[in-house]
Amino acid sequence: EMASAGAIKASNPIFRINRRPVSDIIPSVGDIKPPRREPNYEPEETPDGNNKDKLDKMLEEDEKGAPDEDAENFTDTETGETIYHIQKTFPWKTFAVLSLVITVFGFSGYAALTYLPRADIKITLEKISIPIEEEVEINKNLSSPVLTPSLRTPGELFAETKYLEMEFPAHAKEYVERKAGGKINIYNSYSSEPQILVASTRFETPDGKIFRLDKRVIVPGAKVEEGKIIASSIEAPVTADKPGEGYNIEPINRFVIPGLKGSPKYGSFYAVSEAKMSGGFVGEVPIPTKEDLAKAGEEITNSLKNSLEQTLLTIIPPGFKVIDDASSFEIIKTEVKEDSLSSQKGNFKMAASAQMKILGFEEKTIEKALFEKIKTQLEGEHEILDLTLEYGKAKTRGTGEAVFTVKGEMTVQQKINPEEIRKLVVNKSESELKAAIFALPGLDNAKISLWPFWVKKAPNKIDKISISVE
């Protein structure tokens with residue numbers, strides 16, 4: 001209407017695409033041929049009164065040629081003369097922009113419908129806490145757990161033995177006469193027949209010192225090979241005939257048997273010592289008192305016990321549990337080493353051997369057995385979320401058996417398979433999807449999100465369905 005009032009012809013660019021749109025009614029400067037003239041414009045009078053002639057002259061100067069057929073002329077409403085014209089051209093830029101926008105929106109819509117639909121399902125399952133108080137028996141003879149009437153589970157007995165010598169001060173003295181002793185090898189090069197030598201048989205050194213057999217021995221017969229006699233031998237312990245340090249002699253390469261002197265066997269039966277004789281002594285030596293022996297026995301026992309415990313802990317496999325009082329400790333032998341008594345040091349040696357046994361069990365076996373027993377009280381398939389256990393002191397029932405109480409708490413929840421749920425809800429409508437999810441056993445809560453916002457059903461592809469379980 002404003003354009004009409006101003007005598008300007010306007011066209012709608014939407015309905016007339018063969019005309020260039022007019023911005024704000026006023027045409028762009030580049031398209032105006034003559035200078036603009038308002039309708040009913042009355043030029044100001046000049047002294048010479050040739051206003052109209054001057055205007056005509058200006059129009060002629062500005063005009064570069066006759067308007068083409070696509071130009072739109074604008075005329076003065078009173079005089080009917082053409083004042084200016086607008087060149088009409090096709091709006092290629094507008095058409096290109098509109099085409100690009102339509103293409104982008106179309107492709108985006110197709111992509112959104114084809115690739116973007118997604119379902120995010122967040123499932124929260126109910127957590128069930130179950131208190132535990134159970135008497136458990138461990139038995140090394142079992143191969144698998146027994147759930148009823150009471151819980152019994154396999155155990156494993158670990159045992160270790162150790163020998164230990166320790167030196168302690170002796171606070172008493174005693175006069176002693178001790179005989180040296182050692183070992184000899186007795187040879188038979190006389191015949192292939194064995195020879196019996198009774199206990200206390202004498203063996204004499206080159207310098208006349210006598211040592212006697214501690215026990216009866218049988219010297220094996222010699223071997224005869226290609227007509228030659230090869231001597232045989234046997235090792236035997238001997239003790240000096242008299243006490244004293246003089247019998248602590250170095251190795252001897254030949255002992256003779258005085259009892260065979262004058263017989264053919266005398267030179268053919270002989271002995272050799274390969275180590276020094278020791279232990280011979282006459283005089284005062286330090287000896288332990290009863291208090292010394294008691295204190296030494298206590299210390300060596302504690303040392304053996306601690307040492308065996310540390311050793312057993314290193315050999316028990318990972319995953320095994322050892323509870324208090326499921327072990328035994330026994331001193332096998334204790335003795336005072338006589339050869340350790342010395343007037344110079346004033347000490348004595350005590351030697352002891354001991355054995356420790358520990359009954360252990362694989363903790364996972366206990367946990368699994370407890371879970372199997374609890375599952376009988378639950379519906380459906382469950383899984384353990386958390387488990388805390390405390391073990392009481394054990395009461396042993398002989399070797400390899402013990403009973404103790406276990407207390408604690410087990411937290412479980414329904415076991416579900418996210419992959420199966422994806423298959424269950426794929427391509428379901430929104431209402432069917434909700435019905436399937438909220439019907440899951442053990443469900444506490446669920447949140448279902450479909451994206452984009454206009455999607456009203458689950459995607460038809462499993463990989464577009466995301467399920468998280470808490």
Side-chain angles (χ1 to χ4, degrees), residues 10-24 89-131 364 367-368 371-372 374-388 409-470:
S11 61
N12 191 320
I14 303 300
F15 298 102
R16 297 185 62 182
I17 62 173
N18 64 332
R19 295 174 181 260
R20 192 165 70 182
V22 178
S23 175
D24 256 13
T89 60
F90 186 79
W92 289 106
K93 292 183 179 180
T94 302
F95 178 77
V97 170
L98 289 176
S99 300
L100 179 61
V101 170
I102 292 172
T103 301
V104 169
F105 274 98
F107 180 77
S108 300
Y110 173 79
L113 291 174
T114 305
Y115 300 103
L116 296 184
R118 187 177 72 239
D120 295 325
I121 304 171
K122 186 176 181 180
I123 297 173
T124 302
L125 296 173
E126 181 184 6
K127 297 172 179 57
I128 305 171
S129 296
I130 303 169
K364 286 185 178 180
E367 294 173 0
K368 185 177 179 182
F371 183 47
E372 290 296 323
I374 287 173
K375 281 198 322 186
T376 60
Q377 308 168 22
L378 303 171
E379 293 184 4
E381 189 175 0
H382 289 72
E383 60 184 352
I384 299 176
L385 292 182
D386 189 35
L387 177 62
T388 56
E409 185 176 77
M410 181 182 291
T411 303
V412 300
Q413 71 177 16
Q414 188 78 29
K415 189 175 183 180
I416 63 172
N417 187 338
E419 191 63 28
E420 292 298 326
I421 296 176
R422 288 189 186 94
K423 294 178 181 178
L424 177 67
V425 303
V426 67
N427 211 29
K428 296 285 187 184
S429 67
E430 187 174 9
S431 59
E432 292 174 329
L433 173 60
K434 290 180 179 179
I437 295 299
F438 285 97
L440 291 174
L443 183 72
D444 182 53
N445 194 10
K447 182 179 179 181
I448 302 172
S449 300
L450 298 176
W451 190 89
F453 65 89
W454 63 78
V455 173
K456 298 301 179 184
K457 64 186 300 186
N460 58 4
K461 295 181 179 180
I462 290 180
D463 59 353
K464 296 297 182 180
I465 302 174
S466 171
I467 296 180
S468 61
V469 181
E470 294 183 355

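Each residue takes its place number in the sequence, starting with 1. Remember, predicted model here, so these are calculated numbers, not experimental data.
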Roughly how far, to the nearest 0.5 Å, is [atom2] of [Y] from [atom1] of [X]?
X	Y	atom1	atom2	answer
Leu378	Ile130	CG	CD1	4.5 Å
Ile123	Ser468	CD1	OG	7.5 Å
Leu387	Glu409	CG	CD	9.5 Å
Ile467	Ile437	CD1	CD1	5.5 Å
Ile416	Glu381	CD1	CD	11.5 Å

| field | Qualifying side-chain hydrogen bond (donor to acceptor under 3.5 Å, both in side chains) pairs, either residue in residues 429-438, two or more places apart | value |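 Only Ser429-Ser431, Ser429-Glu432 qualify under side-chain hydrogen bond (donor to acceptor under 3.5 Å, both in side chains).
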| In this structure, which one of Glu383, His382, Glu470 forms a side chain to side chain contact (heavy atoms under 4.5 Å, CB included) with Gln413? |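 The side chain to side chain contact (heavy atoms under 4.5 Å, CB included) with Gln413 is passed solely by Glu383 among Glu383, His382, Glu470.
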| field | pair Leu433-Leu450: side-chain heavy atoms closer than 4.5 Å | value |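 A side-chain contact under 4.5 Å exists here.
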| Quick one: does Ile128's side chain get under 4.5 Å of Gln414's, heavy atoms only? |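 Ile128 does not reach Gln414 side chain to side chain.
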| message | Give me the atom names and distance for the closest heavy-atom approach of Val426 to Pro459. | response |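 Taking Val426 first and Pro459 second, the nearest heavy atoms are CG2-O, 3.3 Å.
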| query | Would you say Lys127 has more than 12 foreign heavy atoms packed within less than 6.0 Å of its NZ? | reply |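 Counting neighbours around NZ of Lys127, more than 12 heavy atoms of other residues, nucleotides or ligands fall under 6.0 Å, so yes.
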Can you list, pair by pair, the side-chain donor-acceptor contacts under 3.5 Å of residues 439-449, counting residues two or more places apart and other chains?
none

| Pair Glu367 + Lys364: basic N to acidic O under 4.0 Å |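 A salt bridge is absent here (no side-chain N lies under 4.0 Å from a carboxylate O).
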